[in-house]
Amino acid sequence: MSTQRKQYPFSEFEPRWQQHWLEVDAFRAVNPGDADFDASKPKYYILDMFPYPSGDGLHVGHVEGYTATDILARFHRMQGFNVLHPMGWDAFGLPAEQYAIKTGQHPRVTTARNIDNFRRQLQAVGFSYDWQREVSTTDPAYFRWTQWIFLQLYNAWFNPSSRKAEPISTYTGSDPDSVRLAYVAEMPVNWCPQLGTVLANEEIVDGKSEVGGFPVERRPLRQWMLRITAFADRLLEGLDGLDWPEGIKLLQRNWIGRSEGALVRFAIQNSDCHVEVFTTRPDTLFGATYMILAPEHLLVASITTPDQAECVEKYKASVASKSDLDRTELNKEKSGVFTGAFAINPVNGNKIPVWIADYVLMGYGTGAIMAVPAHDERDYEFATKFQLPILEVVKNEGGTDGIPPSASSCFSGEGVAVNSGFLDGLPTAEAKQKITAWLEEKALGRGTVNYKLRDWLFSRQRYWGEPFPIVWESGRHHALSNTELPVIQPDMEDFKPTGTPEPPLSKATDWLRYSDKAQRETNTMPQWAGSCWYYLRFCDATNSNKFIGTEADQYWMAQSGKPGGVDLYVGGTEHAVLHLLYARFWHKALHDLGHIATPEPFQRLVNQGMILGPDGQKMSKSRGNVVTPDSVISEYGADSLRLYEMFMGPLEQMKPWSMKGVEGVYRFLARVWRLAMEENQEGQWILSRDLAEIPLNSQQLRTAHATIKKVTSDIRQLAFNTAISQMMVFTNEFVNAKPRPIESLRILIPLLSPFAPHLAEEIWSRLGFSGLASKQPWPTHDESLLVENEVELAVQVNGKVRERLVISKDATKEEIEKAALASEKVREATAGQSIVKVVVVPGKLVNIVAK
RNA sequence: GCCGGCGUGGCGAAAUGGCAGACGCAAGGGACUUAAAAUCCCUUAUUCCGAAAGGAGUGUGCGGGUUCGAGUCCCGCCGCCGGCACCA
């Protein structure tokens with residue numbers, strides 16, 4: 001193929017137009033206050049998930065989402081919108097640091113190199129980004145504001161009565177450090193003794209280090225945390241106003257994992273201790289026949305009886321040594337030991353044994369449960385194994401689901417309370433209310449809400465990330481002032497781990513020393529930090545006084561009046577939970593504190609599907625099925641790459657790559673080229689001599705206007721594949737027309753321009769039309785040209801097509817019915833039967849029901 | 001296990017409850033050419049009847065249902081893909 005003659009000279013004109021667009025700054029987004037700002041234009045903010053600039057370069061998967069947004073950006077510009085379509089780099093991260101450790105090159109150097117490569121590749125696809133707004137999370141001019149936002153969180157708390165983040169100054173309690181949105185806690189980190197380093201969760205596969213496959217331990221370390229849990233309800237409620245795929249909303253809801261229930265206090269027999277449990281089924285309290293604490297629970301040591309001490313210690317040790325892998329994979333079988341202690345069931349005074357078991361997690365609820373084996377699968381399994389009593393307290397009344405009511409197996413659904421004293425006879429929902437009220441009255445418990453969502457562990461023991469704007473003095477943390485930002489990592493030659501859980505920055509002794517008394521924080525922020533707010537920075541990328549100017553925020557984020565500021569956000573599903581949740585959290589906090597106008601960052605979200613290799617497998621180096629954009633561009637051109645990625649199928653769908661498919665769209669583009677151009681004797685491309693200034697005939701007019709209509713509505717629905725099909729239909733219609741109306745190109749080229757912008761510009765300028773094709777107003781269609789005088793209807797008898805009928809478009813239902821019944825074929829098909837009913841759908845078909 | 005998503009020709013796919021398979025790929029045939037490439041034209045879901053023109057039937061994972069009419073809506077299965085995974 002590469003030796004073949006090119007069907008149109010894309011390699012000559014594609015780089016030329018890319019250069020031209022850059023030179024004239026063709027896709028600049030205009031901010032309010034700029035000289036050429038036009039307030040009458042509506043704004044449209046369309047955002048890609050910015051890439052991590054890896055050493056491997058751009059992937060065809062990136063190009064898919066980026067092409068979709070590029071088409072929409074170009075389309076909206078042509079429709080008169082002021083379009084913000086920016087690009088940047090999420091450039092902090094592990095690969096750069098690991099590469100630095102291996103080669104001794106500073107991550108700044110390799111990162112800059114990778115960014116240059118990514119930028120070159122993106123420009124070679126012809127994306128219409130406003131490059132003036134390019135940002136990199138690793139740029140001190142950028143991360144100074146990431147650090148500034150961290151300080152906003154540090155200096156704020158969540159006021160439960162206003163349900164908002166507020167300045168810490170409004171907090172009246174005694175210990176502000178206990179309520180800050182950014183706080184310090186002892187939390188377990190992933191420590192790998194063999195590698196002598198702390199690992200990020202992403203570096204752990206199946207409980208072992210990704211590199212080397214060594215076991216990983218959890219080890220407590222002082223960590224920065226962000227209080228995202230305070231926003232759990234707001235993050236949940238905020239989803240309702242967003243135009244996101246329901247599946248993604250559900251994923252976030254499940255991740256937040258809100259559940260309503262009650263806290264119940266159980267006294268421990270012969271002890272001052274009491275244990276609090278969380279349950280979603282307080283109505284089953286009468287059925288609690290034993291209790292379980294997580295092995296790590298603080299009370300375990302104090303309540304364990306001497307004769308049980310040894311086996312409790314043994315069990316705790318065995319649990320502690322279990323890797324994450326063991327915990328998930330080997331825990332199918334229930335295990336646990338008796339502590340020797342008994343608790344008192346507050347509702348009936350029964351003495352119930354207290355066990356420890358690792359199926360109870362310290363991290364959820366209170367780390368302790370009341371076990372109701374008759375109505376909980378796990379408790380049932382445990383009770384059966386250890387022969388603990390099972391008491392039925394909920395009757396499965398209806399039996400509608402086919403499960404027979406039974407006391408010998410577990411029933412976890414809702415029903416009617418039995419064996420439950422004053423709850424007897426109440427349906428589950430009422431029983432819950434009554435028992436909760438009873439507990440509250442007796443001060444034995446209260447209704448409460450629990451979440452699966454944990455606070456965000458925000459520090460990393462890494463070099464290549466944002467340093468915290470924090471210093472430590474006599475064991476206390478202090479925020480640096482805004483004027484001390486940015487805090488830049490020291491230049492180090494040795495990025496290697498310290499061999500202890502201390503971060504690499506602890507080795508930079510000069511940098512570490514802030515003053516005689518104070519030392520800098522040596523942790524850095526996780527990679528998520530920079531991506532939590534980059535969409536705000538794009539609105540006002542060069543502002544050196546604020547992270548985003550008020551006017552820019554008002555215009556780009558708030559003008560549409562919807563909760564979310566970004567009009568469309570496109571990216572892969574891999575960010576469905578974490579990135580999108582973290583960004584929403586920061587956004588809400590910044591909103592509460594009065595820094596930005598909107599309550600949500602992203603109004604509409606679309607996930608592009610993964611592109612698989614030609615073999616239908618996920619693309620990977622080891623499989624050798626990776627297709628690179630560069631190779632496609634050099635053989636078929638950027639327009640073919642763009643067009644193929646959009647023609648493959650629906651954007652959201654997973655689909656395999658096919659080079660033959662690329663050739664198909666390449667042939668289509670060549671046909672478009674030949675609508676305008678032909679080769680002369682010398683083999684040069686000249687304007688086609690078939691072109692003429694003649695009007696379109698009625699058939700051509702109909703096709704042209706149908707194409708305008710379909711392409712326009714398909715782009716709006718992100719149905720790019722069918723928009724392209726329609727342009728193929730158009731081209732097939734005109735390619736053989738001789739003479740060929742020049743007008744056909746005046747219509748087609750603007751429509752094609754968002755998809756294949758280089759070819760569009762080239763043809764447009766060769767035809768001598770003025771301006772850039774990408775700056776033309778979007779064509780509009782005339783509905784009246786679409787209607788045909790005569791329409792063909794299908795005539796069905798009992799749902800089967802028997803005849804076709806050509807009839808005037810204005811024919812009445814009665815006329816159509818009459819004509820259909822008059823048909824010979826219909827008479828044959830209905831012979832010997834009586835006609836029961838005739839359904840006429842004007843413009844479509846007639847269905848005759850006969851018996 | 002739980003929660004999502006998806007099952008349509010040889011392949012990628014299309015189809016506001018209204019003629020299933022648009023558009024493209026692949027395949028086959030033809031035109032042009034000394035030849036090849038490129039280009040252009042035709043055929044192409046499947047079974048049966050027919051020499052042919054043409055005709056009849058069957059088809060959207062499987063089984064039911066609603067409807068004049070179902071790829072599309074409802075119920076129950078099967079399969080594939082993705083996410084979560086003892087969350088009390």
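Sequence lines set the chain letters: A, B, ... in the order given, protein chains first and strands last, and positions in each chain run from 1.
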Spacing between R253(A) atom CZ and rC3(B) atom C1', to the nearest angstrom:
13 Å
Determine the Euclidean distance between corresponding P atoms of rA45(B) and rA53(B); express it in Å to zero decimal places.
15 Å
Worked verdict on R253(A) versus D240(A) for salt bridge (Lys or Arg N to Asp or Glu O under 4.0 Å):
CA-CA 11 Å; R253(A) 288 193 186 105; D240(A) 295 339; 3.3 Å; yes
May I have the step-by-step check of side chain to side chain contact (heavy atoms under 4.5 Å, CB included) for I356(A) and H297(A), ending in yes or no?
CA-CA 9 Å; I356(A) 62 172; H297(A) 197 284; over 6 Å; no
Side chain of R671(A) only, heavy atoms from C-beta on: which candidate in rC40(B), rC19(B), rC86(B) is closest?
rC40(B)
With B for base contact, S for sugar-phosphate-only contact and - for none (protein heavy atoms under 4.0 Å), nucleotides 27-34 of chain B reads --------
Of all the choices, rC25(B), rG18(B), rG4(B), which nucleotide is nearest to the side chain of L250(A) once you look at every atom?
rG4(B)
Those residues at least two apart in sequence (or on a different chain) that pass side chain to side chain donor-acceptor pair (under 3.5 Å) with R584(A) are Q252(A), E600(A)
Could you tell me which residues satisfy side-chain contact (heavy atoms from CB on, under 4.5 Å) with S658(A), sequence neighbours excluded, listed by chain and number?
Y644(A), K660(A)
Verify whether the ring centers belonging to W456(A) and W528(A) lie closer than 6.0 Å.
no
To the nearest Å, how far apart are Y636(A) OH and rC25(B) P?
12 Å
Quick one: do T722(A) and D714(A) satisfy side chain to side chain donor-acceptor pair (under 3.5 Å)? Show the steps, please.
CA-CA 7 Å; T722(A) 49; D714(A) 281 357; 2.8 Å; yes
Residues at least two apart in sequence or cross-chain that pass side chain to side chain donor-acceptor pair (under 3.5 Å) with D455(A), listed by chain then number, are Y183(A), T229(A)
Selection from rG24(B), rC25(B), rC19(B) that lies nearest to any side-chain heavy atom of V801(A)
rC19(B)
Whole-Å distance separating the CG atom of L263(A) from the C1' atom of rA88(B):
12 Å
Quick one: label S259(A) by what it contacts on the DNA or RNA (base, sugar-phosphate, nothing), any heavy atom closer than 4.0 Å.
sugar-phosphate
rG29(B) and rG82(B), which share atom name C1', separated by this distance in whole Å:
45 Å
For E276(A), salt bridge (charged side-chain N to carboxylate O under 4.0 Å, His left out) partners two or more places apart:
none
Among the nucleotides rC19(B), rA88(B), rU39(B), which one has an atom lying closest to any side-chain atom of R667(A)?
rU39(B)
By nearest atom, which of the nucleotides rC23(B), rA88(B), rU39(B) is closest to the I369(A) side chain?
rA88(B)
In whole angstrom, what separates N607(A)'s CG from rC81(B)'s C1'?
15 Å
Once you round it to whole Å, what is the distance between P of rA38(B) and CE of M677(A)?
22 Å
Once you apply a heavy-atom cut-off of 4.0 Å, does L251(A) come out as touching a base, just sugar-phosphate, or nothing?
sugar-phosphate
Using only side-chain N and O atoms of R674(A), determine if any of them is under 4.0 Å from OP1 or OP2 of rA38(B).
no
Would you measure the distance from the C1' atom in rG10(B) across to the matching atom in rA27(B) and give it in whole Å?
8 Å
Treating N625(A) as the side-chain partner and K618(A) as the backbone partner, does any N or O pair qualify as donor plus acceptor under 3.5 Å?
yes
Opposite nucleotide pairing with rC84(B), Watson-Crick or G-U, both atom distances under 3.5 Å:
rG1(B)
Out of rG18(B), rC86(B), rC23(B), whichever nucleotide has its closest atom nearest the side chain of S725(A):
rC23(B)
Taking the P atom in each of rU8(B) and rG71(B), what is the distance between them to the nearest angstrom?
14 Å
Gap between atoms CD and P, on Q252(A) and rG83(B) respectively (whole Å):
16 Å
Need to verify one output field. Residue with the more 5' nearest nucleotide on RNA chain B, N450(A) or W255(A)?
W255(A)
Between side-chain atoms of residues 733-740 of chain A and protein atoms elsewhere (two or more places apart, or another chain), which donor-acceptor pairs fall under 3.5 Å?
{"from": "E733(A)", "atom 1": "OE1", "to": "T703(A)", "atom 2": "OG1", "distance (Å)": "2.9"}
{"from": "R740(A)", "atom 1": "NE", "to": "F734(A)", "atom 2": "O", "distance (Å)": "3.2"}
{"from": "R740(A)", "atom 1": "NH1", "to": "L675(A)", "atom 2": "O", "distance (Å)": "2.4"}
{"from": "R740(A)", "atom 1": "NH2", "to": "V735(A)", "atom 2": "O", "distance (Å)": "3.3"}

D714(A) has an atom CG; how far is it from atom C1' of rA22(B), in whole Å?
12 Å
Proximity of Y290(A) and F382(A) rings by center, below 6.0 Å:
yes
S412(A) and Y380(A): side-chain donor and acceptor closer than 3.5 Å?
no
For atom C1', what is the distance between rA22(B) and rA31(B), given to the nearest Å?
27 Å
To the nearest 0.5 Å, what is the distance between CG on L612(A) and CE on M648(A)?
8.0 Å
Can you name the atoms? Protein N/O to nucleotides 56-60 of chain B N/O, anything below 3.5 Å, with the distance.
{"from": "rG57(B)", "atom 1": "OP2", "to": "R802(A)", "atom 2": "NH1", "distance (Å)": "3.2"}

Anti versus syn assignment for rG9(B), with syn defined as within 90° of 0:
syn
rG4(B) versus rC77(B) - spacing of their P atoms, nearest Å:
14 Å
Closest to the side chain of K660(A), out of rC40(B), rA26(B), rA88(B), is rA26(B)
When the distance from NZ of K452(A) to P of rG83(B) is rounded to whole Å, what number comes out?
16 Å
Determine the Euclidean distance between corresponding P atoms of rG64(B) and rC48(B); express it in Å to zero decimal places.
25 Å
Sequence neighbours left out, what pairs pass salt bridge (Lys or Arg N to Asp or Glu O under 4.0 Å) with at least one residue falling in residues 833-847 of chain A?
none
The criterion is side chain to side chain donor-acceptor pair (under 3.5 Å); which residues satisfy it with R804(A), sequence neighbours excluded?
none
Salt bridge (Lys or Arg N to Asp or Glu O under 4.0 Å) pairs, two or more places apart, involving residues 644-655 of chain A:
E64(A)-K655(A)
Under 4.0 angstrom, heavy atoms only, what part of the nucleic acid is S658(A) near: base, sugar-phosphate, or nothing?
nothing
Could you go over nucleotides 8-17 of chain B and give all protein N or O partners under 3.5 Å, atom names and distances?
{"from": "rG12(B)", "atom 1": "O2'", "to": "M648(A)", "atom 2": "O", "distance (Å)": "2.6"}
{"from": "rA13(B)", "atom 1": "OP1", "to": "Q653(A)", "atom 2": "NE2", "distance (Å)": "2.5"}
{"from": "rA14(B)", "atom 1": "OP1", "to": "N721(A)", "atom 2": "ND2", "distance (Å)": "2.9"}

So which protein nitrogen or oxygen atoms get under 3.5 Å of nucleotides 64-72 of chain B's nitrogens or oxygens?
{"from": "rC68(B)", "atom 1": "O2'", "to": "N847(A)", "atom 2": "ND2", "distance (Å)": "3.2"}
{"from": "rC68(B)", "atom 1": "O2", "to": "N847(A)", "atom 2": "ND2", "distance (Å)": "2.8"}

If we take the C1' atom in both rC6(B) and rU67(B), what is their distance in whole Å?
26 Å
